[in-house]
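All values derive from a computational prediction rather than experimental measurement.
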Amino acid sequence: METLDSLYIGLQAALQPNILLYCFIGVFLGTFIGVLPGIGPLAAISLLLPITYHIEPTAAIVMLAGVYYGAEYGGSTASILLNLPGTAANAVTCLDGHPMAKQGRAGVALFMTTIASLCGGMIGVFALILFSPSIVEIGLKFGPAEYFSLMILGLISASTLASGSPAKGMAMVVFGLLLGTIGTDINSGVPRFDFGIPEMMDGISLVGLAMGLFGISEIVNSITIKRDAKITEKITMRSMMPTKQDFKDSIKPMLRGSGIGGFFGALPGTGAAIASFISYAVEKKVAKDPSRFGKGAIEGITAPESANNAAAQTAFIPTLTLGIPGSATMAIMLGALIIHGIQPGPMLMAEQPTLFWGLIVSFFIGNIFLVILNIPLIGMWVSLLNIPYRILYPAILVFIMMGVYSVHNSTFDLYMVAIIGVIGYAMTLLRFEAAPLLLGFILGPLMEENLRRALLLSRGDMSTFIDRPISMWLLIISGLILAWSFYGSFRSQLRKNTLAKEQAAAGNA
């Protein structure tokens, strides 16, 4: 009954005309961004973040959330039609979606991905409703020491469980933590690492950092990718109608995919991309005829699409209830909440019930909006893929600069975002991931605050982090994850060296 009462509060908030409007704008822009390959929700949310300064908090968060899960819906369009994933989570959809398009079943593939996305999204929202209160009860037992240890676990998980080298991931986390120390010290009021520049006394702008890392650098990187494919096939409602067998073959994969996505979405460092690939692998394993996969199997698109949309919803669980973002996108969402004076964590549900439950109910409404947008307007989304990138990308860069300038009306921020964009592009070339950097930057000040608070309460005794059981176990798990990750990396490198030696020996023979 308590949950139903809370949902009623959320329903009252979500059905307000301005909230409905911003929810629709968010999912519409998210679908638009998802359809266009190479941009992604990170760049979109970074671009829209300055606009939310002038919107009341609930509407702002609802809109940004709509952009995020809307992009997961729209990302399958380019994957199916052009073999170019709109987002990283949609990459696996290319494997069977594009072969279906070649077989003349592009409309069916687009229709079924929309249904699968709806299924995954709704199941993800139900998981959010069911598990959030339980996590909050656990979170209320946390003190400063536990929060510090939990943030350590979140950063290590995000940096080592993601793709790429664990050492590079940890280096980016440390770099982000160092960037987070720039500005005025919250306790003493003394400027730190400002290099005598007055604009630096407030620290590096989250908006500028996000736009530079995920806006400018991603766009510059995407410009270098050659795209010759154009859409010539016209998608009609008749061509989108699936058969009864398509529905029958998709029901169980959608349910399995939703479950997998719901689980992995809530884990820091995993997210929608890993959930969709695991879901695809599971379907291939349980299939009676695995040889169908990669040749246009309907399960090959419905399972991963339901997984990545369920993951997009459950990713909000740790962010809202514990204040720990599990991905770069959630880190930006966390930053948006903090910018609006909202502190995510166990007290959010009690202190801001209208915002918390209004956001959750807006997910239901947003998913319905997305079905309305995706099925009738698939033809319009498809036509967007024919926009020349030489026109699209300069326009996006202009909007990025306008958004950055609008925050403080400062030309210094424009120089800063340009510098960060160059650094971000260099990181891309060197295969350093930007997501751990952003997580470190956002969690760094919070970690420092909880570290100081814990030491103040313990009179400077560092053993407080081990004496408290929850904190101790969080640190032990962090250490095990770190050790396992480096062991796996070392073993992989050892195998490569052994294989290289064997090939060299065979060549000499």
Side-chain angles (χ1 to χ4, degrees), residues 131-161 166 169-193 203 266-269 317-326 330-331 334-335 337-338 341-351 436-486:
F131 296 116
S132 291
S134 302
I135 294 173
V136 166
E137 287 182 14
I138 298 170
L140 289 173
K141 300 177 182 178
F142 280 34
E146 285 81 6
Y147 270 115
F148 174 79
S149 301
L150 182 64
M151 290 176 188
I152 291 286
L153 175 61
L155 287 176
I156 288 176
S157 299
S159 61
T160 59
L161 296 181
M170 287 304 301
M172 287 295 97
V173 166
V174 173
F175 187 30
L177 292 172
L178 292 174
L179 290 179
T181 62
I182 297 174
T184 304
D185 179 34
I186 192 171
N187 288 337
S188 64
V190 176
R192 303 185 297 188
F193 310 113
L267 297 179
I317 293 177
T319 305
L320 295 175
T321 59
L322 297 175
I324 303 296
M330 285 297 104
L334 178 67
L337 287 165
I338 293 171
I342 302 163
Q343 184 59 54
M347 297 304 296
L348 177 64
M349 193 181 291
E351 293 176 353
L437 187 155
L438 187 66
L439 290 172
F441 176 78
I442 291 177
L443 289 182
L446 298 174
M447 283 179 61
E448 182 183 7
E449 184 180 345
N450 282 287
L451 173 63
R452 288 186 172 186
R453 193 177 296 167
L455 292 176
L456 187 65
L457 292 173
S458 67
R459 298 180 182 273
D461 186 4
M462 292 291 292
S463 64
T464 185
F465 298 103
I466 301 173
D467 292 340
R468 300 175 69 90
I470 296 177
S471 175
M472 179 188 69
W473 280 108
L474 289 171
L475 291 175
I476 289 173
I477 294 170
S478 301
L480 290 174
I481 291 174
L482 193 61
W484 178 257
S485 178
F486 279 107

Is there a side-chain contact between F441 and L177, using heavy atoms and a 4.5 Å cut-off?
no
How many angstroms lie between CZ in R192 and CD1 in I182, if you round to the nearest 0.5 Å?
10.0 Å
Heavy-atom side-chain contact between I152 and M447 under 4.5 Å
yes
Considering only heavy atoms from C-beta outward, does the side chain of W484 approach that of I481 to under 4.5 Å?
no
Determine the minimum heavy-atom distance between S478 and S149, stating which atoms define it.
OG-O, 4.4 Å
Could you check whether any side-chain heavy atom of L455 comes within less than 4.5 Å of a side-chain heavy atom of F465, counting everything from C-beta outward?
yes
Close side-chain approach of I342 to I338, heavy-atom, < 4.5 Å
no
Side chains of L334 and P344, heavy atoms from C-beta outward: is any pair under 4.5 Å?
yes
CD on E449 to CZ on F148, rounded to 0.5 Å
13.0 Å
Find the distance between CG (L337) and CG (L320) and round it off to the nearest 0.5 Å.
6.5 Å
Least distance between heavy atoms, A145 atom then S471 atom
O-OG, 3.6 Å
Rounded to the nearest 0.5 Å, how far does CG of L179 lie from CE of M172?
9.0 Å
For S458 and D461, indicate whether the former's side chain and the latter's backbone hold a donor-acceptor pair under 3.5 Å.
yes
Please evaluate residues N450 and E146 with respect to the criterion side chain to side chain contact (heavy atoms under 4.5 Å, CB included), reporting the C-alpha separation (whole Å), side-chain torsions for both, the decisive distance (0.1 Å), and the verdict.
CA-CA 9 Å; N450 282 287; E146 285 81 6; over 6 Å; no
Working to the nearest 0.5 Å, report the span between OG1 of T464 and CE of M472.
12.5 Å
